[in-house]
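Lettering follows sequence order; numbering is per chain, from 1.
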Number of protein chains: 2
Amino acid sequence: VAANQTPSFSKKDLKIAAELRDQALEGSKDYEIVESLTTEVGPRMAGTPGDAAAVKWGVAKLKELGFDKVWTEPVTFPTWKRGVETAEVIAPYPQPLVITALGFSVATSEEGLTAEIVQFDDLDALEKAPDNAAEGKIVFIRNRMERARDGSGYGPAVAARGSGASEAAKKGALGILIRSIGTDTDRMAHTGMMRYEEGIEKIPAAALSAPDADLLENMIRRGKSVTVSMTIGAKSGDAYTSHNVIGEITGSEKPEEYVIIGAHLDSWDLGTGALDDGAGIGITAAAAKLILGLPQRPKRSIRVIMFANEEQGLVGGKAYADAHKDDVQNIITAAESDFGAGKIWRIDSKVKPEALPAVKQMVEVMKPLGIAYGNNEAGGGPDLIPLRGKGISVFSLRQDGTDYFDYHHTPNDTLDKIDPEALRQNTAAYVIFAYLSAQFDGDFGSGFHQK
Amino acid sequence: VAANQTPSFSKKDLKIAAELRDQALEGSKDYEIVESLTTEVGPRMAGTPGDAAAVKWGVAKLKELGFDKVWTEPVTFPTWKRGVETAEVIAPYPQPLVITALGFSVATSEEGLTAEIVQFDDLDALEKAPDNAAEGKIVFIRNRMERARDGSGYGPAVAARGSGASEAAKKGALGILIRSIGTDTDRMAHTGMMRYEEGIEKIPAAALSAPDADLLENMIRRGKSVTVSMTIGAKSGDAYTSHNVIGEITGSEKPEEYVIIGAHLDSWDLGTGALDDGAGIGITAAAAKLILGLPQRPKRSIRVIMFANEEQGLVGGKAYADAHKDDVQNIITAAESDFGAGKIWRIDSKVKPEALPAVKQMVEVMKPLGIAYGNNEAGGGPDLIPLRGKGISVFSLRQDGTDYFDYHHTPNDTLDKIDPEALRQNTAAYVIFAYLSAQFDGDFGSGFHQK
Ligand SMILES: [Zn+2]
Ligand SMILES: [Zn+2]
Ligand SMILES: [Zn+2]
Ligand SMILES: [Zn+2]
């Protein structure tokens, strides 16, 4: 593959891409696939029976869809299980609170942890507080996540979830409660991963639903000492081996070169993982299915990867990158769908400069979908971070995430939150991306560590 | 009080009513009161410690607001307590379901009840089914409640909650799950009262959240037998005596005659009862507080009644009607606020025909609030049903309930669901109603059993 030519797509390929797009808009298997996954498997947290059921489902589904090859690759990780999780205000105004343990939180004792609440505006305020600021107390971080189409409120807010426990422990805290990292006002707490810093005492960590965080704030505003009791029964388990599930459309000219589209197959345990990330599974598998319906296979291969255990540390993505580290240059480009089921409004690329004219051609075919070109700084999706580190080209098909964090990692992540029409728009964009990339006569710069 | 005159309001009274209205729109104690109740008491299901705390709170709040008299009247009723409540699909697709027990449901055995699901479109279909249609099974009623501003979807849907269990038992069922009586798609089940028919076996009864009802439907549509296990640990308790809490503004001319405004003080246990019925408590107490701020007391008395235990059978309303049955003619008219915190869009009256011109005058003062007159068939509110049965005049200040059943009887009934501006509009309407009715030179026909 020459690095310096400026290739483009043929008129015929662009026409087929437009036809595939229109077919996707008329209807494909997208909704049916996510309905199947959420109904027949449901919650599928890494290491649970749901995880095993999802892998089985994924293999069967890809075979049923008629992929040329379907296989699995092992992914091994430590496990964690949720247990009882309750909390209540003991004084001055006894009433229950809705919480959920953060992923990999340690448990409290069986009788629970009872202590006074000390409130901080955000993680930063906690970090800057004096060493004994939370001595013997339960830290409460009240910071609210901001709503945004591009989900840009998540990053600044989620740090409290990831490292709040260790920061609180450094200040002498016995436990931590954070306002859920979410944009809703539903009385459901948002779970998600947290990590303990090495050498720091591990204290139990949970999220409060937004109304419960409001309640604590309102009590604290009265100037009285607020005492809370929290009981968490979570525990770590043994290592578990799950699998990335891979379906391939084998290319007709350069079968060893391939385009990746994919999503993560695991979910958190609270909902049925319809938005996170059943939608991505439905979109990418349905897009490939449309390409399988063409009279002939595209030039290059297309792999649909259902990544194992994204939620607890991109483990499936790392395993794939590791297993395929020696032939990264065969990956022509890649895109993961993992931001719910809202319509795509923008596409970003990460390609070598010489390939940008081809990207512009691709975007033209997406324009009727309401998709505009963004920039050449695409991230590609969480499970592609490890491959991206090895220099592959990626695309980000950016979805409207305005409502995504209303449901993210809560029991409310269920099928009814998916708008079938928006899903079809996603599938239409993915089929354009996958087909044209597989047909591309040039390359996007994968394996060349382009800046 | 003469029955046949056609009295009207004085210009001065209409002017004061308009001033009170404008004062309410500028801000009163309404939001502060409901914030206080939900924060300092929270859930207050009849017969629980929250009930006792609410009564104490109510007395203190009415005294703090400066009512001329504050007292309580006893209300005695049987009690019920929620216990564990879990459900899961056992086959063919194991996954958890979110349920909540219906009020006064019996428990399952400790190991739970496991049986095949038999689905019915609605209560009617269940009633019309053959005698053994549910033999040994768990009945699932999938009927969806319709959304409507006036809440008219509630009546047809809620029958399944009230009598579904006994109807299912008549067909041999071991348990019943209904789709929640609600209009939301949140993964929260709606509780509420049910009743067992005498002589029919009592079977456990619970509601599924909307997404879980969808899930069951989707599984059943696949044509396979669906087995569910449900565990309910609810139990009935001893009789308990709570109290109606009453605050009076004592009239300056006819203190023995009075206008009732009120709401119910109890709530279900799942939320903090902000909409049901903390809002009503805030609106009516704040409206009275504005009248207490006038340079002189109105001619007649005004009673703010915080009714005990509305949720489990209008027990407070019945107790009040019973305790005051001999002087019902002293009640000039009455209105209860118990439909959330949406703006009032219509006012209905139930008055003698001669009083209708005065009602029209009252409505004129409400017009700037966007309130129009409806008809003379007002219901007045649940806790006024027993008094209405004794012939009193009532008014219905009808709120926009479009979203009310999204939150009704769920954990989601929390303070954040209240729009302070809409609350102010309610208070403005109630202060007009209460003040003008207390000043009225004629009467509305109370105690005369008008048609
Ligand atoms: Zn995800
Ligand atoms: Zn996630
Ligand atoms: Zn109510
Ligand atoms: Zn109610």
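Using a distance-only test at 3.5 Å, with no hydrogens or angles considered, no donor-acceptor pair links the side chain of A:N412 to the main chain of A:Y407. Put simply, the side chain of B:R44 never gets that close to the backbone of B:D269: no donor and acceptor are under 3.5 Å apart.
No part of A:L216 comes within reach of chain B, as not one of its non-hydrogen atoms sits under 4.5 angstrom from that chain. Contact of A:D214 with chain B is made through the side chain alone, with heavy-atom distances under 4.5 Å. For A:V41, the part sitting under 4.5 Å from any heavy atom of chain B is the backbone (N, CA, C, O) and nothing else. Neither the backbone nor the side chain of B:T48 comes within contact range of chain A, judged by heavy atoms closer than 4.5 Å. Contacts between B:P96 and chain A at a heavy-atom distance below 4.5 Å involve the side chain alone, from C-beta outward.
A salt bridge links B:D403 with B:R147; the closest basic N to acidic carboxylate O contact falls under 4.0 Å.
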### Message
Between A:D413 and A:H408, does the side-chain hydrogen bond (donor to acceptor under 3.5 Å, both in side chains) criterion hold? Intermediate values first, please.
### Response
CA-CA 6 Å; A:D413 181 358; A:H408 186 247; over 6 Å; no
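Neither side chain, B:N309 nor B:H264, offers a donor N or O lying under 3.5 Å from an acceptor on the other.
Chosen from A:D186, A:T38, A:T414, A:V89, the residue pairing most often with chain B at heavy-atom distances under 4.5 Å is A:D186.
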